[in-house]
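Read the structure below first, then the notes.
Because the structure is predicted, anything quoted here is derived from the model rather than measured.
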Amino acid sequence: MSFYKKIRNIAFLIEPEKAHSLAISALKTGLHVPSDNNSELLKQTVFGLKFNNPIGLAAGFDKNAEVPNEIISSGFGFTEVGTVTPLGQPGNEPPRVFRLPEDDALINRLGFNNDGMEIIYDRLSKTSKKGVIGINIGANKDTKDKLSDYQTGIKKFSAIADYITINISSPNTPGLRDLQSGQHFQELIELIKVNKKNGLKTPILIKLAPDLTKKELESIIELSIDSKIDGLILSNTTIERKNIRNKRFGNEEGGLSGKPLMKKSTKILRDVYKISEGKIPLIGVGGIFTSQDIIEKIQNGASLIQLYTAIVYEGPTLISKLKKELINQAERYGVKSINELVGSGIKK
Ligand SMILES: Cc1cc2nc3c(=O)[nH]c(=O)nc-3n(C[C@H](O)[C@H](O)[C@H](O)COP(=O)(O)O)c2cc1C
């Protein structure tokens with residue numbers, strides 16, 4: 001049994017949100033596993049930004065931008081702060097995060113608990129960034145106008161974010177996912193277009209749910225290409241519950257992440273890459289635990305990947321291991337950059 005797995009047995013006695021706060025505190029005090037085994041093979045430029053390696057920490061871990069540099073120093077190629085809403089809010093009533101160890105999964109219904117844009121902006125503007133930091137923005141639960149919350153986020157963070165993610169796919173804010181379809185999505189795209197026309201240079205990415213239909217996807221992709229959206233993130237957590245072994249928490253409301261999400265999120269990634277003919281850079285996220293999972297995402301169209309749940313189950317040394325294995329895999333494929341493998345699993 002690995003050292004982390006022994007610690008994990010103890011850590012799992014602590015309630016999930018407490019354990020998460022402890023992890024943030026440990027990172028703040030400088031307790032992290034340094035990892036710098038980057039290689040030319042893993043470097044690439046995507047939406048105009050230079051990444052040392054393709055592995056990012058997904059949104060939701062460092063919601064309040066407390067430890068972005070420590071995360072980069074732990075070996076990640078980039079990190080995504082947030083989701084940040086204009087006003088700080090407490091989120092849903094606890095308990096709201098559940099471990100499903102039999103499934104290597106989590107269910108969460110946090111509901112965008114965060115300090116709000118003012119505090120997070122202040123914190124980030126005092127940080128001298130050690131790597132690529134994206135900011136994931138959302139709408140307040142009680143807002144009257146969700147679109148105007150996204151506009152506030154773009155305006156607030158465009159000068160300090162390396163990229164901005166528009167999160168319209170969390171299942172834990174009522175009505176949020178409606179923004180992914182029909183008139184609502186068109187209005188969102190219009191808002192982004194106006195910002196770009198007015199000189200916005202910060203790359204804008206949109207994060208989608210894995211539960212969208214092919215028809216919804218086609219319309220999203222058409223509008224995204226037309227309005228020069230810089231990237232899509234596929235995907236957020238799912239509301240689907242299939243083949244979940246854990247009986248105690250399996251039916252808790254919220255978004256499911258981890259291994260059971262791998263197949264579904266890779267399918268939507270593949271569909272988007274195919275439909276868009278590789279015209280929009282994609283970030284693949286959902287269920288990644290191994291370097292083989294990363295290669296699978298890349299071959300199905302991801303230029304970059306993100307993960308979260310695997311860190312809970314495998315510990316922070318996972319990143320160093322994944323990078324080492326990715327370098328070996330790239331050498332085995334005989335490529336000069338991992339980037340050459342993007343979409344290679346899809347027939348042209
Ligand atoms: C506890 C928790 C909180 C999350 N919070 C957010 C969030 O605030 N915003 C967001 O876009 N995604 C959030 N996510 C989703 C992750 O960013 C990611 O899309 C999802 O967990 C799938 O990746 P994974 O299987 O590697 O965990 C959260 C996930 C977890 C487990």
Side-chain angles (χ1 to χ4, degrees), residues 58-60 80 82-86 108-112 134-141 143-154 163-196 203-241 253-257 261 263-276 279-287 300-302 306:
E80 193 168 306
T83 296
V84 187
T85 54
N108 92 82
R109 52 167 179 269
L110 287 162
F112 292 167
I135 302 180
N136 176 309
I137 59 171
N140 276 113
K141 186 182 176 195
T143 188
K144 297 245 165 357
D145 181 357
K146 290 195 176 64
L147 278 189
S148 108
D149 281 18
Y150 288 98
Q151 178 57 36
T152 306
I154 293 173
Y163 70 85
I164 290 176
T165 298
I166 311 273
N167 178 12
I168 47 173
S169 47
S170 167
N172 303 315
T173 296
L176 193 86
R177 286 176 308 152
D178 296 345
L179 294 177
Q180 294 175 119
S181 46
Q183 181 71 21
H184 296 300
F185 189 73
Q186 285 185 15
E187 284 169 12
L188 175 69
I189 286 289
E190 209 41 55
L191 180 146
I192 297 169
K193 262 180 161 171
V194 170
N195 278 284
K196 284 190 177 272
I204 300 286
L205 279 62
I206 301 180
K207 185 167 179 180
L208 300 171
D211 308 304
L212 292 165
T213 63
K214 203 150 184 188
K215 203 160 163 246
E216 286 170 318
L217 271 187
E218 281 167 357
S219 150
I220 288 174
I221 293 162
E222 192 189 325
L223 289 165
S224 299
I225 292 176
D226 174 56
S227 58
K228 300 192 172 55
I229 293 297
D230 299 273
L232 296 174
I233 305 185
L234 304 139
S235 71
N236 214 315
T237 54
T238 180
I239 51 168
E240 187 183 84
R241 303 285 187 270
E253 215 173 281
L256 174 73
S257 61
L261 180 59
K263 212 168 148 196
K264 195 177 171 78
S265 57
T266 306
K267 170 147 191 342
I268 194 174
L269 169 74
R270 183 183 174 87
D271 286 346
V272 169
Y273 188 80
K274 268 188 177 168
I275 299 169
S276 64
K279 287 185 188 140
I280 314 173
L282 307 178
I283 300 183
V285 47
N300 280 291
Q306 292 175 322

Pairs of donor and acceptor atoms involving the side chains of residues 183-191, under 3.5 Å and at least two apart or interchain, shall be tabulated with distances.
from: Gln183; atom 1: NE2; to: Glu187; atom 2: OE2; distance (Å): 3.3

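Looking only at atom types and distance, the side chain of Asn195 has a donor-acceptor partner in the side chain of Gln151 under 3.5 Å away. With 3.5 Å as the limit, one finds no donor-acceptor pair spanning the side chains of Thr266 and Asn300. Counted by atom type alone, Thr213 and Glu216 present one or more donor-acceptor pairs between their side chains at under 3.5 Å.
Here the side chains of Leu179 and Tyr150 are in contact, with some heavy-atom distance below 4.5 Å. Counting heavy atoms from C-beta outward, Leu261 and Pro210 have side chains that approach closer than 4.5 Å. With contacts defined as side-chain heavy-atom distances shorter than 4.5 Å, the pair Ile135/Glu80 does not qualify. For the pair Val84 and Phe112, the minimum side-chain heavy-atom distance is 4.5 Å or more. Counting only heavy atoms from C-beta outward, the side chains of Leu205 and Ile166 never approach each other to under 4.5 Å. Side-chain contact between Arg241 and Leu256 is present, with heavy atoms from C-beta onward closer than 4.5 Å. Counting only heavy atoms from C-beta outward, the side chains of Leu232 and Val272 approach each other to under 4.5 Å. Contact of the Tyr273 side chain with the Leu282 side chain is registered, since non-hydrogen atoms from C-beta on lie closer than 4.5 Å.
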* To do: Could you go through the side-chain contact (heavy atoms from CB on, under 4.5 Å) check for Ile137 and Ile164 one step at a time?
  => CA-CA 7 Å; Ile137 59 171; Ile164 290 176; 3.8 Å; yes
* **Chi angles and distances behind the salt bridge (Lys or Arg N to Asp or Glu O under 4.0 Å) call for Lys264, Asp211** => CA-CA 8 Å; Lys264 195 177 171 78; Asp211 308 304; 3.4 Å; yes
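The two residues Ile220 and Leu212 come nearest to each other via the heavy atoms CD1-CD1, 3.8 Å. Counting all heavy atoms, side chain and backbone alike, Ala209 lies closest to Arg177 at CB-CD, 4.5 Å. Pairing each heavy atom of Gly284 with each of Leu269, the nearest pair is CA-CD1, 4.2 Å. Nearest heavy atom pair, residue Ser276 against residue Ile221, reads CB-CG2, 3.6 Å. Shown here for Thr237 and Ser257, the closest heavy-atom pair between the two residues is CG2-CB, 3.9 Å. Annotation for Lys207 and Ala59: closest pair NZ-CB, 4.2 Å, computed over non-hydrogen atoms.
Under the 3.5 Å distance criterion, the side-chain polar atoms of Thr85 are left unmatched by any main-chain donor or acceptor of Asn140. Under a 3.5 Å cut-off, the side chain of Glu218 and the backbone N or O of Lys215 do not form any donor-acceptor pair.
To the nearest 0.5 Å, atom CD of residue Gln306 and atom CG of residue Asn136 are 8.5 Å apart. In this structure, the separation between CD1 on Ile268 and OG1 on Thr238 is 9.5 Å, given to the nearest 0.5 Å. Once rounded to the nearest 0.5 Å, the distance linking NZ of Lys146 with CG of Leu176 reads 6.5 Å. Within the model, atoms CD1 of Ile283 and CD1 of Ile233 stand 4.0 Å from one another, a figure rounded to the nearest 0.5 Å. In this structure, NZ on Lys141 lies 10.5 Å from CG on Asn172, to the nearest 0.5 angstrom.
Residue pairs meeting the side-chain hydrogen bond (donor to acceptor under 3.5 Å, both in side chains) criterion with at least one member in residues 224-236, sequence neighbours excluded: Asn167-Asn236, Ser169-Asn236, Lys193-Asp226, Lys196-Asp230.
Annotation: Glu253, atom CD; neighbour count of heavy atoms from other residues, nucleotides and ligands within 6.0 Å does not exceed 12.
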